[in-house]
Each structure stands twice: as C-alpha cells, then as structure tokens.
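The sequence lines fix the lettering, A, B, ..., with proteins before strands; numbering per chain opens at 1.
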Amino acid sequence: DQEMAEEEDEEEDERESIPPDLLSRIVHELFEHKETKITKDANNALSGYIDVFVREAIARAAQKRRGGFLEVEDLEKIAPQLVLDL
Amino acid sequence: MEDQADKELQERLKAALWFSIGKIVDEESIRRNRNATPQFIGALADLVWNQIENVAIDLESFSRHANRTTVTTDDVLLLARRNQDLHAIIKDIVDKEKARKLKSKAKGKARA
C-alpha cells in the first residue's frame with residue numbers, strides 16, 4: 001500500500017477541479033444501464049476522488065523524474081501502480 | 001445513426017475533460033515549478049477517462065447490488081475501500097457536505 005505522493009493542501013476550495021456538471025454528464029454516458037443515476041452528493045464525492053487521482057498522477061510522475069518537463073513516458077511508468085492503488 | 005451521435009458526444013465530453021485537466025496540470029506546474037508537455041496532458045486525460053469509465057461501472061454495480069438505481073455517497077466510499085488515505089479524503093468530503101447541509105437547515109429553522 002503505497003503512501004500518497006501528494007501532500008494535502010489546506011486551501012482546497014480555490015483549487016481547479018473537474019466541473020461537477022461535466023463529471024455528471026460523463027458518468028451518465030458511461031453507465032451501462034439507462035436508468036442509473038447519481039445523487040448530487042455522490043457526484044461531489046466522486047469529483048473529489050477524481051481530483052485526487054489526477055493530482056496523485058502528477059505527483060508520482062514528478063517524483064520519478066528529477067527535473068525537466070513531465071512527459072508521456074513518466075505517466076506510463078506510474079500509471080499501473082496508480083490504478084491499483086486508487 | 002445512434003452510434004455516430006454517441007461517438008460525437010463522447011468526443012465532446014473527452015475534449016471538455018482534456019481542457020479541464022489541462023487547467024489542473026497548469027496549476028500543479030506553477031505549484032511545483034515543473035512543466036508538462038501537451039502529450040503528457042493528453043495521455044493523462046485518456047487515463048482519467050478510462051478511470052472514470054471503470055469507476056462508473058463499479059459504482060453502478062455497487063448500487064444495483066444494493067437494489068438501487070441511483071448511486072449514492074456510500075457507493076463512492078466503497079470505491080475507496082482498499083486505500084485508507086483515499087477513504088479518509090472522500091469521507092471528509094462527504095462529512096463536510098453533510099455538516100454544511102445541517103447548518104443551513106438549522107439556520108432556516110431558526111428564522112421560522
């Protein structure tokens with residue numbers, strides 16, 4: 001169980017995140033059954049999960065490469081474990 | 001015909017997701033003083049789309065298992081069952097929202 005590479009930030013409110021409406025739209029598109037819906041609170045919670053996923057991906061990729069631009073291969077290196085951990 | 005419209009919708013949603021992830025990457029780039037190539041952002045957007053797809057199907061399974069057609073916060077918490085830190089983060093989000101609702105309910109009652 002790998003520890004989170006990302007440190008938690010105090011000022012979470014001002015951070016960028018995936019717009020809840022967009023996420024809701026995407027999730028409804030990807031549900032396998034027409035009648036499946038999601039509550040607003042669950043959508044919010046899911047938005048939090050995805051934000052963690054994105055930032056953790058960046059944090060782990062940045063950890064692997066000491067300096068310079070983050071590139072696709074950096075993501076490829078950390079993606080499998082990330083998906084397993086989260 | 002329906003498949004084509006569906007594909008186009010997915011492309012638009014993917015593009016919107018890509019844009020939004022780009023913003024998060026920009027923010028992190030500033031915070032970490034590290035840049036990312038556009039290809040990195042594209043690859044990350046693909047990764048996130050796939051993750052959302054897997055997660056959506058899991059959430060749907062959880063809610064159907066509980067004989068519901070609507071995904072709730074309990075289902076989202078179940079997603080995080082394997083990772084203590086992640087579970088704590090999501091629980092915090094859910095609890096904060098519950099507290100916020102309770103607070104505004106209390107305010108409403110006080111006025112009446």
Heavy-atom pairs under 4.5 Å with chain A, option from B:A45, B:S61, B:S63, B:A43 with the top count: B:A43

Does the distance from a Lys or Arg side-chain N to an Asp or Glu carboxylate O, for B:K96 and B:D92, drop under 4.0 Å? yes

Closest-packed option against chain B by number of heavy-atom pairs under 4.5 Å, given A:I38, A:L23, A:V52, A:V27: A:I38

Polar side-chain atom of A:D41 near backbone of B:T73 as donor-acceptor pair, under 3.5 Å: no

Which region of A:L84, side chain (C-beta onward) or backbone (N, CA, C, O), has a non-hydrogen atom less than 4.5 Å from a non-hydrogen atom of chain B, or is it both or neither? neither

Report which part of A:D51 has an atom under 4.5 Å of a heavy atom belonging to chain B: side chain, backbone, both, or neither. side chain

Would B:K23 and B:E28 pass as an ion pair if we require N to O under 4.0 Å? no

Between B:D75 and B:R68, is the closest basic N to carboxylate O distance under 4.0 Å? yes

Picking from B:R64, B:K91, B:E97, which has the most non-hydrogen pairs under 4.5 angstrom with chain A? B:R64

Choice from A:I26, A:V83, A:N44 maximising heavy atom contacts with chain B below 4.5 Å: A:I26

For B:Q39, which atoms come within 4.5 Å of any heavy atom of chain A: side chain, backbone, both, or neither? both

Per-residue contact mode, B:K101 against chain A (heavy atom under 4.5 angstrom): side chain

Is there a donor-acceptor contact under 3.5 Å from the side chain of B:E60 to the main chain of A:H33? yes

For the rings on B:F62 and B:H65, is their centre-to-centre separation under 6.0 Å? no

Pair count under 4.5 Å, heavy atoms only, with chain B: among A:L86, A:L82, A:D74, highest is A:L86

Let me know if B:L44 has heavy atoms under 4.5 Å from chain A in its side chain, its backbone, both or neither. both

Under 4.5 Å from any heavy atom of chain B, what part of A:F31 do you find: side chain, backbone, both or neither? both

Under a 4.5 Å heavy-atom cut-off, does chain B meet the side chain of A:H28, its backbone, both or neither? neither

Interatomic distance, B:I24 atom CD1 to A:I58 atom CD1 [nearest 0.5 angstrom]: 7.0 Å

Which one wins on heavy-atom pair count under 4.5 Å against chain B: A:R65, A:E35, A:E73, A:R55? A:R55

If you count heavy-atom pairs within less than 4.5 Å of chain B, which of A:G48, A:P19, A:G67, A:A79 leads? A:G67

CD of B:Q84 to CD1 of B:I89, rounded to nearest 0.5 Å, is 12.0 Å

Report yes or no: does A:N43 contribute a side-chain atom to a donor-acceptor pair with the main-chain N or O of A:T39 at less than 3.5 Å? no

N/O donor-acceptor pair under 3.5 Å between B:S29 side chain and B:R34 backbone: yes

Residue B:V55 versus chain A: region with a heavy atom under 4.5 Å: side chain

Find the one option among B:I52, B:V94, B:I21, B:D26 whose heavy-atom pairs under 4.5 Å with chain A are most numerous. B:I52

By a 4.5 Å heavy-atom criterion (distance strictly below it), what part of B:L17 contacts chain A: side chain, backbone, both, or neither? both

Side chains of A:V72 and A:E76: does their closest heavy-atom pair fall under 4.5 Å? yes

Engaged part of B:L77 at the chain A interface, taking heavy atoms whose separation is under 4.5 Å: neither

From CD (B:Q10) to CG (B:L13), nearest 0.5 Å: 7.5 Å

Which bit of B:S20 comes within less than 4.5 Å of chain A, counting heavy atoms only: side chain, backbone, both or neither? side chain

hydrophobic_cluster_shared for A:I18 and B:F19, side chain cutoff 4.5 Å: yes

Just give me the residue among A:I50, A:L22, A:L30 that pairs up with chain B most often, heavy atom to heavy atom, under 4.5 Å. A:L30

Can you tell me which portion of A:S47 sits under 4.5 Å from chain B's heavy atoms? Options are side chain, backbone, both or neither. neither

